[in-house]
Amino acid sequence: MSPGPGSFCGILRIMQDLATLWEEYKQAVRAGGDAVGLYQERVWPALLERWRQEPPVHPSPQEFAVSIHTLGTSPEATVLAILGTRAREVYVLHTDLTRAHVPRLREETGKEIYPLEVGKSDVAAIYRHVRYLLERFPDVPVALDLTSGTKAMSAGLAAAGFFFQRFYPKVRVVYVDNDDYDPELRRPRAGTERLIILPNPHQVLADVDALFAREFYERGEYAKAADFFGAMVQKTLERRFEVFSLLAGMYQAWYALDFAGAVKKGEALLGRLEADALRQHPLNNRRGILEGQLSLLKAARDFLVGQDLGNTLGVLGVVETLLRLSERSEKTSLVLAALYAYRALELLLQERLFLHGRRADSPALTPPEEGALRQELARLLRVHEEAVRLGAKLGLLDLVAFLRILGDPVLASQKVEALQGLAGVLKARNEALLIHGFAVPSKNDLKQIRNLLQPLLADLRERAGLRVSLHPVALGSTF
């Protein structure tokens with residue numbers, strides 16, 4: 001039985017025939033024959049048959065659903081690329097000059113060709129066509145062949161392909177290359193051509209991931225930054241990017257108020273930086289800041305677990321975080337910004353009350369203290385004492401008033417007039433939409449809350465001995 005046309009023996013026979021035909025073709029050209037005509041007559045039919053049966057593809061054969069090709073003045077490479085991709089739908093980007101080759105593509109590939117005319121340097125048109133086709137075929141393998149056409153066309157198609165591969169992962173950029181070029185005939189030696197599925201340099205080198213990671217990190221979108229840094233580790237196998245992923249992960253957990261998770265990430269980060277291979281890592285230059293931030297995170301974690309208002313550094317860690325979240329939320333959600341600020345103020349007041357041996361949830365007021373508190377609240381609210389109602393726990397305004405009675409050095413120094421202006425703002429906390437009521441805080445409300453808490457915050461910082469930057473470390477030119 002003779003070997004089938006697509007069998008190994010059949011391909012081997014064609015390759016042997018091509019080698020013989022090439023030498024005969026070469027001799028005929030040396031004898032004065034027409035190089036182009038002889039190639040089309042003697043060599044091309046055998047090469048075409050080779051690619052029709054089993055096109056050589058590197059690194060491995062792949063069947064595409066759609067292929068998009070740029071077409072130049074020599075259509076042979078485009079014919080081979082169409083056969084190599086085995087696509088069911090074929091789109092060809094041609095110029096007015098190369099339009100005439102489209103019928104030949106149909107004839108020699110046996111496929112329907114959908115022509116799309118572009119200017120020879122119109123990379124924007126190529127981009128638009130590619131985007132349109134990818135939107136039509138978002139979930140199937142698509143090959144973009146840049147072998148033929150002008151340099152601008154090939155560059156435009158490659159740029160579009162590598163860019164869109166991030167959003168359409170089944171896209172591949174391909175190119176017909178050869179292993180042996182005959183300088184005498186100024187052609188690739190027939191039979192050495194193969195379709196190369198090109199790796200995406202953006203993915204191999206992870207440079208685009210690095211740009212996205214930096215952008216998200218600097219915008220404070222730490223979860224996305226951590227994902228990109230993690231992807232860089234997978235693509236490059238370089239462990240130096242892992243510490244950046246841990247760094248971003250630490251800040252993500254921190255600003256999600258997951259202090260335990262932030263501590264875990266921070267400890268892992270500092271542990272990785274101690275490895276010999278990472279001694280020179282640029283983040284080691286910021287180790288002092290990172291260690292200080294980790295100490296603050298540990299204190300905040302312990303405070304939330306033990307609810308010990310005597311843990312001054314822990315209270316400060318939570319308060320500083322709430323205030324940073326308030327600042328970050330202000331542009332997008334004034335309600336959230338105000339609630340973060342309210343809670344920060346409440347913790348500051350509760351911590352100061354704890355210094356006097358009292359707690360807001362069980363103040364244990366003596367009758368004289370209760371009377372004095374009623375009187376102070378009446379002054380701040382500008383109402384009669386009979387209108388003042390005291391609950392079992394102290395609210396925000398109650399805390400301010402009671403601390404003034406106890407002689408708190410910060411609050412006692414505040415002018416009554418200033419606090420009277422704040423009374424309504426503090427009292428309105430429980431009426432906020434996300435608490436119990438329907439009110440939406442104003443920018444002025446938020447400003448007044450921050451004005452009140454600033455001296456309290458400064459005092460707590462001084463007592464806690466805070467000496468570390470609370471800002472996320474800058475990446476700089478670290479990768």
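Since the structure is predicted, the reported quantities are computational estimates derived from the model, not experimental observations.
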Exercise: identify the closest heavy-atom pair between Pro75 and Arg104: CG-NH1, 3.5 Å
Donor-acceptor contact present, side-chain Ser329 to main-chain Leu325, <3.5 Å: yes
N-O pairing of Glu221 and Lys224 below 4.0 Å: yes
Sidechain N-carboxylate O distance under 4.0 Å for Arg189, Glu23: yes
Arg279, CZ: over 12 other non-hydrogen atoms inside 6.0 angstrom: yes
side-chain contact (heavy atoms from CB on, under 4.5 Å) between Gln62 and Arg86, intermediate numbers included: CA-CA 8 Å; Gln62 180 175 344; Arg86 300 180 178 181; over 6 Å; no
Minimum side-chain heavy-atom gap Leu185-Val29 below 4.5 Å: yes
Beyond-backbone contact of Gln293 with Leu290, side-chain heavy atoms, under 4.5 angstrom: yes
Sidechain N-carboxylate O distance under 4.0 Å for Arg99, Asp96: no
Nearest atoms (heavy-atom pairs only) where Gly72 meets Ser148: N-OG, 2.6 Å
Over 12 foreign heavy atoms within 6.0 Å of CD, Gln280: no
Minimum heavy-atom distance Asn451-Pro455, with the two atoms named: O-CD, 3.3 Å
Check: Tyr132 ring centre within less than 6.0 Å of Phe137 ring centre: no
Min side-chain heavy-atom separation Arg450-Leu345 under 4.5 Å: no
Where Ala341 and Ser326 come nearest, the two heavy atoms and their spacing: CB-OG, 3.9 Å
Rounded distance [0.5 Å steps], OH in Tyr25 versus CG in Leu38: 6.5 Å
Heavy-atom check, side chain of Phe64 versus side chain of Ile197, under 4.5 Å: yes
Beyond-backbone contact of Val66 with Thr85, side-chain heavy atoms, under 4.5 angstrom: no
Main-chain N/O of Asn178 paired with Thr192 side-chain donor or acceptor, under 3.5 Å: no
Check against side-chain contact (heavy atoms from CB on, under 4.5 Å), Tyr168 and Glu135: CA-CA 9 Å; Tyr168 301 94; Glu135 288 173 350; 3.6 Å; yes
Tyr181 OH: over 12 foreign heavy atoms closer than 6.0 Å: yes
His281 ring center near Phe244 ring center (under 6.0 Å): yes
Spacing of Arg128 atom CZ and Leu133 atom CG [to the nearest 0.5 Å]: 13.0 Å
Heavy-atom side-chain contact between Leu347 and Leu322 under 4.5 Å: yes
Check: Leu294 and Leu269 side chains under 4.5 Å, non-hydrogen atoms: no
Salt bridge (Lys or Arg N to Asp or Glu O under 4.0 Å) assessment of Lys26 paired with Asp182: CA-CA 10 Å; Lys26 195 169 188 176; Asp182 192 319; 3.1 Å; yes
Spacing of Ile449 atom CD1 and Asp445 atom CG [to the nearest 0.5 Å]: 6.5 Å
Tyr39 six-ring centre to Arg187 NZ/CZ under 6.0 Å and within 45° of normal: yes
Interatomic distance, Leu116 atom CG to Ile68 atom CD1 [nearest 0.5 angstrom]: 8.5 Å
Donor + acceptor pair across side chains of Glu193, Trp51 (<3.5 Å): no
Donor-acceptor pair, side chain of Thr98 and main chain of Thr95, under 3.5 angstrom: yes
Within 6.0 angstrom of Glu462 CD, more than 12 heavy atoms from elsewhere: no
Nearest heavy-atom neighbours spanning Ser245 and Ala226: OG-O, 3.3 Å
Interatomic spacing from NE2 in His94 to OG1 in Thr73 - rounded to 0.5 Å: 14.5 Å
Distance-only donor-acceptor check, side chains Glu112 and Tyr114, under 3.5 Å: no
Distance-only polar pair, side chains of His69 and Ser67, donor-acceptor under 3.5 Å: yes
Parallel, tilted or perpendicular: rings of Tyr251 and Tyr222 (30°, 60°): tilted
Gap separating the CG atom of Leu247 from the CD atom of Gln252, nearest 0.5 angstrom: 12.5 Å
For the student: nearest non-hydrogen atoms of Val318 and Ala300, plus distance: CG2-CB, 3.9 Å
Phe212 and Phe216 aromatic ring geometry - parallel, tilted or perpendicular at 30°/60° bounds: parallel
Heavy-atom side-chain proximity of Lys170 to Gln165 below 4.5 angstrom: no
Test side-chain contact (heavy atoms from CB on, under 4.5 Å) applied to Leu144 and Val171, step by step: CA-CA 7 Å; Leu144 306 185; Val171 169; 4.1 Å; yes
Under-4.0 Å salt bridge between Lys111 and Glu89: no
Working for side-chain contact (heavy atoms from CB on, under 4.5 Å), residues Leu48 and Leu83: CA-CA 9 Å; Leu48 193 58; Leu83 294 172; 3.7 Å; yes
Carboxylate-amine/guanidinium proximity below 4.0 Å for Glu274 and Arg287: yes
Trace of the salt bridge (Lys or Arg N to Asp or Glu O under 4.0 Å) decision for Glu242 with Arg272: CA-CA 9 Å; Glu242 183 182 15; Arg272 297 285 196 283; 3.3 Å; yes
Cationic N near anionic O, under 4.0 Å, Arg194 to Asp177: no
Residues Arg324, Glu320: salt bridge by 4.0 Å N-O rule: no
Within 45° cone and under 6.0 Å: Arg328 NZ/CZ vs Tyr255 ring: yes
